[in-house]
Amino acid sequence: MLRQFELVEKVRSYDPNVDEEALDRAYVFAVKMHGAQTRASGDPYYSHPVEVAGILTEYKLDSASIITALLHDTVEDTAASIEDIKIMFGDEIAELVEGVTKLNKLQLQSDKTKQAENFRKLLLAISEDIRVLLVKLADRVHNMRTLKFHKKEEKRKRIAKETLEIYAPLAERIGMQEMKNELEELSFRELYPEAYSSICARLSFLREQGGDLVSRIINQLKDDLKNEGLEIEVTGREKSPYSIFRKMQRQNSTFEQLCDIMAFRVIVPSVADCYHVLGVIHTKYSMVPGRYKDYISTPKPNGYKSLHTGVIGPEKHRIEIQIRTKEMHDVAEIGLAAHWRYKQGDYSTDGHQFPWVRDLLDLMDQSSNSEEFLEHTKLEMFQDQVFCFSPKGDVIPLPKGATAVDFAYAVHSGLGNRCVGVKINGKIKPLRSELTNGDQVEILTSKTQTPSPEWERFVITGKAKAAIRRFVRAQKREQYLEIGEQILQKAFKADGFEYNDKLLENVLANFKQSSVEDLVAAVGEGLILVSDILDIIFPDHKSKFVKVVDAIKRSAKRIGDKSDNKKQSPINGLIPGMAINFAKCCRPLPGDRIVGIVTTGKGVTIHRIDCSTLEKFSSEPERWLDVSWNEDSSNQETHISRLRIVLENRPGSLATLSNVIAKNHGNISNLNILERTVSFFELAVDIEVQDVEHLRDIMMALRASSGINSVRRSQD
């Protein structure tokens with residue numbers, strides 16, 4: 001742990017004008033307030049804020065950020081209040097501490113809701129001052145470093161998953177690559193220990209086999225470039241275990257099939273030198289098709305700039321080379337902190353200056369609740385990108401797999417709401433067409449068009465999903481308002497009363513509604529009974545209408561009583577009692593996007609949306625049903641999924657397969673050898689799983705295991 005004078009010295013080393021007296025007071029205040037509190041590791045609690053402050057000094061952040069790090073837990077975990085902070089350290093520090101303070105005292109419905117609400121409030125704090133995020137990320141880094149001291153495995157995995165899904169992408173969004181890498185590695189080690197150990201063991205083996213391979217390649221690259229008269233710096237490293245793991249998932253490959261697990265960086269003085277070096281490298285070595293990316297002319301949204309190319313380099317090794325200037329390199333590693341450093345203190349901390357913050361705030365406005373907002377945020381942040389162009393030449397970054405509708409909403413919500421068609425590279429294409437790097441996209445619109453609920457089935461960005469859901473909610477509300485109005489008017493008329501909004505205003509508080517419209521819509525939706533409203537407005541009057549309503553209530557209760565013990569249908573969108581069959585060709589699982597096909601004599605057959613069998617029904621749209629999985633149905637029910645697995649033909653490989661599946665709580669229900677050669681054999685394995693996420697976990701674990709060549713989901 002950093003001692004008081006050591007922390008002050010570290011800050012003074014890059015900020016000669018540091019307020020040493022304020023730093024000293026903050027250090028002493030944190031130690032005093034946390035007192036005898038201890039962490040799960042047994043260390044004094046005040047060691048945590050001191051370590052968080054130390055992490056931020058590595059990025060040369062300002063004194064206000066360092067002081068906030070020292071104080072960030074005092075309001076939540078000690079007797080100190082925001083007012084105390086304001087009196088002792090001023091308004092700026094008090095606002096930052098309040099923004100960073102954890103929200104563990106929220107009394108919400110569930111852990112998931114709590115996480116969503118915490119993130120929503122964190123975003124609001126970030127929008128006021130981006131330094132809140134920097135302190136929060138440093139706080140999460142230290143918590144992840146000490147995660148092993150938590151005894152409960154469930155808690156460790158929950159924290160690691162939240163870190164991987166929320167905090168690591170946030171770090172990437174502000175360009176804090178070093179911090180992002182550490183958060184990913186620590187989370188990966190906790191969530192997938194077997195895969196982590198397996199990849200680390202193989203990297204260690206390669207290092208032993210290759211000896212000083214990295215240094216040999218560095219020296220060869222330097223020799224190649226020294227005759228060009230450039231001042232260059234060349235470094236090399238292995239890719240991190242987590243980045244290798246993600247690549248294995250994306251490419252559906254094993255470790256042995258990956259070639260470019262080494263990356264090299266060439267640092268040059270100017271942008272022109274970047275392209276000069278690229279030309280020299282492409283002249284000397286064969287370029288790997290599809291591996292060249294120019295992030296200098298088209299930077300990433302977080303400001304990242306660099307040239308990337310894949311080549312068959314020295315000693316015939318396939319490697320990745322990144323070419324950038326010194327300033328680009330600093331931005332690539334420490335992101336936002338580097339931008340501030342180069343501006344020499346003349347910078348804005350307002351979070352609204354960042355487009356991604358504005359986009360997330362827009363998502364928050366469009367989402368109906370915190371959990372939906374969190375879902376949209378994960379979609380928005382945690383995906384690889386493609387870059388497309390508008391007809392005017394504007395670059396629109398989108399997640400990989402995005403469609404034309406996603407593009408339209410990325411440009412503007414109004415454009416998305418009115419789109420009726422699209423031209424991709426000058427050709428008319430379906431709206432669900434998936435976009436690729438470099439596509440020029442022109443959206444065709446109509447003033448009479450409105451978003452279709454069907455779009456939600458194929459869009460993948462949070463912004464598009466939020467906008468579509470918002471429109472659908474608004475449409476439903478209009479219907480509920482109309483129905484509610486009719487019910488209330490009939491009720492009042494039946495008893496000889498004149499219906500008016502004034503009467504309803506008087507009972508809003510009774511039903512916890514904020515407006516007459518909300519009350520009427522709740523009646524139309526069936527959330528509030530008209531009989532209850534009449535009882536409060538006319539307590540001494542018993543109407544015939546109320547008797548009818550009461551009879552309906554009793555009837556509904558009897559129906560509910562009879563159906564309480566019935567098993568809930570796993571599929572939404574079907575008529576109650578309709579026979580359901582799950583297609584054997586694609587074996588859909590909860591979590592898959594699905595469609596229903598009406599089958600004569602069999603009811604409805606459920607297929608995955610990408611099932612090739614659906615092509616047979618393309619000319620019969622009347623047989624297609626829009627369906628989805630019922631999230632409220634029992635998640636303990638298992639489903640059968642089939643995997644195609646290629647194993648090395650060696651002793652123990654089948655045992656490895658069954659052990660990995662068992663350890664990940666799957667159960668093999670059938671196994672069939674499809675083909676066998678001297679080196680490999682291919683299996684069709686039927687596995688009982690709960691949902692598609694459970695299946696993906698098993699596939700990830702299998703791909704990271706020795707002796708397993710490939711794993712894919714069967715489509716037959």
Side-chain angles (χ1 to χ4, degrees), residues 106-110 113 116-117 120-121 124 361-373 376 413-414 417 448 450-453 456 465-564 572-573 576 630-632:
L106 283 173
Q107 299 298 319
L108 295 168
Q109 300 169 359
S110 66
T113 308
E117 183 67 10
R120 187 185 70 83
K121 294 201 172 185
L124 289 173
L361 289 170
D362 188 40
L363 279 184
M364 189 161 63
D365 290 339
Q366 296 194 36
S367 300
S368 62
N369 55 56
S370 295
E371 290 185 41
E372 187 177 293
F373 167 57
H376 294 160
S413 295
N417 290 338
T448 59
T450 57
S452 166
E456 194 184 340
K465 281 186 179 290
I468 295 164
R469 288 178 179 176
R470 184 180 188 180
F471 175 80
V472 171
R473 283 197 302 271
Q475 203 173 43
K476 285 182 179 177
R477 182 176 171 83
E478 288 180 10
Q479 294 172 354
Y480 291 144
L481 278 169
E482 187 177 344
I483 294 169
E485 187 95 19
Q486 292 175 2
I487 292 173
L488 286 164
Q489 285 179 354
K490 286 180 181 178
F492 276 73
K493 187 175 181 181
D495 293 318
F497 296 112
E498 184 180 348
Y499 169 75
N500 63 73
D501 290 350
K502 193 69 177 175
L503 290 171
L504 297 182
E505 286 178 7
N506 296 330
V507 298
L508 290 177
N510 300 77
F511 297 99
K512 298 180 180 179
Q513 300 294 317
S514 57
S515 68
V516 171
E517 269 198 1
D518 290 341
L519 180 62
V520 173
V523 171
E525 193 174 354
L527 301 177
I528 295 175
L529 294 171
V530 69
S531 59
D532 294 336
I533 296 175
L534 291 172
D535 284 344
I536 294 172
I537 297 177
F538 310 112
D540 299 327
H541 185 80
K542 195 70 174 176
S543 72
K544 295 178 182 179
F545 191 90
V546 171
K547 290 178 182 177
V548 173
V549 171
D550 287 341
I552 294 171
K553 283 171 63 179
R554 287 193 298 272
S555 173
K557 178 65 179 172
R558 286 196 298 273
I559 294 170
D561 291 341
K562 290 178 183 177
S563 60
D564 280 346
N572 287 326
N630 186 349
E631 295 178 1
D632 296 329

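Throughout, residue positions are numbered sequentially from 1 according to the sequence presented. All figures in this text were calculated on a predicted structure; none of them were measured in a lab.
For Asn417, the side chain to side chain contact (heavy atoms under 4.5 Å, CB included) test picks out Tyr409, Pro451, with sequence neighbours left out. Residues satisfying the salt bridge (Lys or Arg N to Asp or Glu O under 4.0 Å) test with Glu478, not counting sequence neighbours, are none. In this structure, Lys512 has no salt bridge (Lys or Arg N to Asp or Glu O under 4.0 Å) partners at least two apart in sequence or on a different chain. Here Glu505 pairs with Lys502 under the salt bridge (Lys or Arg N to Asp or Glu O under 4.0 Å) rule; sequence neighbours left out.
In terms of heavy-atom proximity, Lys465 sits nearest to Glu456 at NZ-O, 3.0 Å. When all heavy atoms of Ile528 and Gln513 are compared, the closest pair comes out as CD1-NE2, 3.9 Å. Of all heavy-atom pairs spanning Leu481 and Val520, the tightest one is O-CG1, 3.5 Å.
Within the model, atoms OG of Ser452 and CZ of Phe471 stand 9.0 Å from one another, a figure rounded to the nearest 0.5 Å. Taking CD from Gln486 and CD from Gln489, the interatomic distance works out to 7.5 Å, rounded to the nearest 0.5 Å.
Checking Asn506, Leu503, Asn510 one by one against Ile536, the side-chain contact (heavy atoms from CB on, under 4.5 Å) holds for a single residue, Asn510.
For residues 498-517, the ring pair (Phe, Tyr, Trp, His ring centres under 6.0 Å) pairs, not counting sequence neighbours, are Phe492-Tyr499. Residues in residues 513-522 take part in these salt bridge (charged side-chain N to carboxylate O under 4.0 Å, His left out) pairs, two or more places apart or across chains: Arg477-Glu517, Arg477-Asp518.
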